[in-house]
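Step one of this worksheet: look at the structure below.
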Amino acid sequence: MYLIYGQSDKITKLKTLLAFPYSFACLLFYSFTFYAVAQQPYTFEEERAAEDYSFLKDSSKLTWNEALKYISLGASRNNYLSVGGSYRPRFEHFSNNNWVADNNENYYSQRLSLHTDWHIGERLRFFGELYHGYKTEGETIVQTDNLDWHQGFVEINLPINNNQLLFSFGRQEMKLGAGRLVDLRIGPNIRRSFDMGKVSLQANKLILDAFYGKEVQIGFEAFDNAFTLFEEEATNPRLWGLIAQFPLATDVKSTHKGELYYLGFQSDFSGFNDIGGEEKRHSIGARSFGTINRKFQFNSELIYQFGDIAGNSIHAFNFETDWKYTLSPTKWRPTLGLKFDWSSGDKEAGDGRLNSFNPMFVNPSIYSLAAVNTPVNLLSIHPSFIFFPHKKILVNIEFATFFRSSRNDGLYAPSRFQIRVADGLSERHIGNVIGLFFKYTHNRYVNFDIRSSYFIAGNFVEASGSSSAIFQFAPTLNLQF
């Protein structure tokens, strides 16, 4: 916020920047630490717009924190306002970034958010959310934004018999399925949002969504993230689609659901292997996921892509399966995980066909905590071990090994940028990653985590350039209300 106050001295800037967040953090920490929260039934969602506090309208007496979630607007108990927000300070260290020796980074970053959720009766809703992102060591895309609307949409709820039809329009977040093509971008300061229109039909156990939108382009200054949904000349990537989710089998201890979807994607410029230019790509996917006997979790997904880029036809695919098995229902809940991913790469340069898979708006951290590479021309095997040494502590130890799926395509980094070219090299192994994730949850308002990873270069990285091992360390405090 030093841009608002106009301080010139760097130390003064930093003090001014941190004054409000620090006070805000202390207030939340001490309030939430000494307040008994066990009896409150609600939890905060990853997508804050998905939270529903309508159940509080029947409460005769609200605690102070419940009063923030249900502020009555007039005589009708169905008219109410909810207020919430978060503050996330983080320190990050990178050694040998991009495998370049002594390319080290140390910086502080922070995310501030504040949202309001207005309910006018049972049919109309307005949701708005402000975001502020800051990073020392210069302004960076998706890390830095002085202040802007991250979300702002209207939602209309129309009941049809026992079914529900929802219309939403405006700026909003979106995560589809397991997040393999569209995710929230949790890691950086500024999460992803779209200027979008969306229709959702919830009929019995079937959920059917249709939407069209454009990704919001992040600017550094205050309120400069333009709404471009109706601007034909805007260069924002476009996304549209149709998604159906339905149950396949359900009993007391197990669930099994399925998804079928079509997604369309258009970008004024994309670059893969030896091809660059305007891209229009279509994705058809099927997903199967659920639990068996409350111990085994599974998620499998198959995606086929086709379309056109700069006059070249697109034919690409992705297959992923992710399994988790809880060994014992004891307090430690030891859980083994295994994930396999196969993302196609270009088979041959200059043949008029592109086979590189486009992960579009994926969250790269689902492939490893390092978030160094992204699923284009990628083959990976990813075992993990999760346990809870204390009811408030989660530990995840993971290992991942990565290979190029095609020798004639290179290595890509988030989001979809080629950082190492094939250059006739036959080596496939990209490298191995050892990761550690530690999380302490004090209560629903306060948690602290540490992400750390060590990425050892494989023979392809060694043959194609610098290959020093990458080390990443990021302690993070999360405060929300």
Side-chain angles (χ1 to χ4, degrees), residues 21 44-48 86-95 97-98 105-113 129 131-145 148 150-151 173-194 215-218 220 237 322 339 341 359-376 378 380 382 384 394 396 398 400 402 412-417 419 433-441 447-455 470-480:
F44 300 126
E45 301 289 340
E46 186 178 56
E47 299 176 74
R48 300 301 301 268
S86 66
Y87 170 50
R88 190 195 74 173
R90 169 184 284 175
F91 172 79
E92 281 196 81
H93 166 78
F94 284 91
S95 294
N97 204 8
N98 295 322
E105 286 187 88
N106 295 284
Y107 59 84
Y108 164 84
S109 69
Q110 67 179 26
R111 173 201 292 163
L112 274 169
S113 71
E129 185 173 33
Y131 256 46
H132 158 74
Y134 172 77
K135 172 180 173 289
T136 58
E137 309 302 324
E139 297 174 325
T140 306
I141 294 294
V142 308
Q143 292 279 24
T144 308
D145 192 356
D148 223 307
H150 176 63
Q151 295 193 83
E173 291 183 334
M174 183 168 60
K175 177 179 180 177
L176 302 181
R180 300 185 53 73
L181 287 175
V182 183
D183 208 342
L184 303 176
R185 193 171 59 203
I186 296 295
N189 285 329
I190 310 302
R191 290 166 43 148
R192 180 180 289 112
S193 59
F194 295 85
E215 185 187 22
V216 175
Q217 297 294 288
I218 307 300
F220 297 141
D322 186 1
K339 183 159 49 180
D341 181 272
M360 301 196 302
F361 306 105
V362 71
N363 181 2
S365 64
I366 69 174
Y367 296 92
S368 75
L369 295 176
V372 172
N373 48 358
T374 200
V376 186
L378 195 67
S380 68
H382 187 162
S384 63
L394 178 151
N396 180 14
E398 66 174 24
F402 299 102
Y412 295 78
S415 58
R416 310 185 304 274
F417 297 114
I419 56 174
V433 179
I434 302 170
L436 171 66
F437 177 72
F438 169 93
K439 183 176 182 179
Y440 168 74
T441 302
N447 66 72
F448 173 78
D449 66 66
I450 297 176
R451 297 171 181 264
S452 182
S453 61
Y454 189 67
F455 201 135
I470 302 171
F471 175 69
Q472 175 248 359
F473 178 78
T476 306
L477 178 65
N478 294 280
L479 302 170
Q480 54 188 347

One pair to check against side-chain contact (heavy atoms from CB on, under 4.5 Å): Val362 and Thr374. What are the steps and the verdict? CA-CA 8 Å; Val362 71; Thr374 200; 3.7 Å; yes
Please evaluate residues Glu92 and Arg451 with respect to the criterion salt bridge (charged side-chain N to carboxylate O under 4.0 Å, His left out), reporting the C-alpha separation (whole Å), side-chain torsions for both, the decisive distance (0.1 Å), and the verdict. CA-CA 9 Å; Glu92 281 196 81; Arg451 297 171 181 264; over 6 Å; no
Could you please spell out the steps behind the side-chain contact (heavy atoms from CB on, under 4.5 Å) verdict for Thr441 and Phe448? CA-CA 6 Å; Thr441 302; Phe448 173 78; over 6 Å; no
Starting from the C-alpha separation in whole Å, work towards a yes-or-no answer on side-chain contact (heavy atoms from CB on, under 4.5 Å) for Ile141 and Phe220. CA-CA 8 Å; Ile141 294 294; Phe220 297 141; 3.9 Å; yes
Working for side-chain contact (heavy atoms from CB on, under 4.5 Å), residues Ile186 and Asn363: CA-CA 7 Å; Ile186 296 295; Asn363 181 2; 4.2 Å; yes
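At a threshold of 4.5 Å between non-hydrogen side-chain atoms, the residues Val376 and Pro359 count as touching. Between Lys339 and Asp341 there is no side-chain heavy-atom pair separated by less than 4.5 Å. At least one side-chain heavy atom of Phe94 sits under 4.5 Å from a side-chain heavy atom of Tyr107. Using a 4.5 Å heavy-atom cutoff, the side chains of Phe402 and Phe455 are in contact. The shortest side-chain heavy-atom distance between Gln143 and Ile190 does not fall under the 4.5 Å cut-off. Residues Leu436 and Asn396 have side chains not in contact (no heavy-atom distance under 4.5 Å, counting atoms from C-beta outward). Residues His132 and Asp145 are not in side-chain contact: their nearest non-hydrogen atoms beyond the backbone lie 4.5 Å or more apart. Between Ser109 and Tyr134 there is no side-chain heavy-atom pair separated by less than 4.5 Å.
By the side chain to side chain donor-acceptor pair (under 3.5 Å) test, Thr140 pairs with Lys135, sequence neighbours left out. Partners of Thr476 under the side chain to side chain contact (heavy atoms under 4.5 Å, CB included) rule, at least two apart in sequence or in another chain, are Arg88, Arg90, Asp449, Asn478. For Phe361, the ring-ring contact (aromatic ring centres under 6.0 Å, His included) partners are Phe194, Phe265, not counting sequence neighbours. Residues passing the ring-ring contact (aromatic ring centres under 6.0 Å, His included) test with Phe438: none are found, sequence neighbours excluded. Scored by the salt bridge (charged side-chain N to carboxylate O under 4.0 Å, His left out) test, Glu129 finds no partners at all (sequence neighbours excluded). By the side chain to side chain donor-acceptor pair (under 3.5 Å) test, Ser384 is found to be paired with no residue, residues two or more places apart in sequence or in another chain being considered.
What you find for Pro475 and Phe91 is that their closest heavy atoms are CD-O, 3.0 Å. Considering all non-hydrogen atoms of both residues, Arg185 and Ile218 come closest at NH2-CG1, 4.3 Å. Nearest heavy-atom pair across His382 and Ala400 is CG-CB, 4.1 Å. Pairing each heavy atom of Tyr131 with each of Ser113, the nearest pair is CE1-CB, 3.4 Å.
Taking the centre and axis of the six-membered ring of Tyr412, the NZ or CZ atom of Arg416 falls outside the cone set by 45° and 6.0 Å.
Residues His93 and Glu105 have side chains that never bring a donor and an acceptor to within less than 3.5 angstrom of each other. Checked by atom type, the side-chain pair Gln110/Tyr108 shows a donor-acceptor distance below 3.5 Å.
The existence of a salt bridge linking Arg191 and Glu47 is excluded, since no basic side-chain nitrogen approaches an acidic carboxylate oxygen closer than 4.0 Å. Using a 4.0 Å cut-off between a side-chain N of Lys or Arg and a carboxylate O of Asp or Glu, Arg192 and Glu173 do not qualify as a salt bridge.
Ile450 contributes atom CD1, which lies 13.5 Å from atom OH of Tyr440 (distance to the nearest 0.5 angstrom). Note that the CG atom of Asn97 and the CD atom of Gln472 stand 9.5 Å from one another [nearest 0.5 Å]. Between atom CG of residue Leu176 and atom CG of residue Asp183 there is a gap of 9.0 Å, rounded to the nearest 0.5 Å.
Checking side-chain atoms of Ser453 against main-chain N and O of Ile434 turns up no donor-acceptor pair under 3.5 Å. Side chain of Ser193 to main chain of His150: a donor-acceptor pair is present (N/O by atom type, distance under 3.5 Å, no hydrogens or angles).
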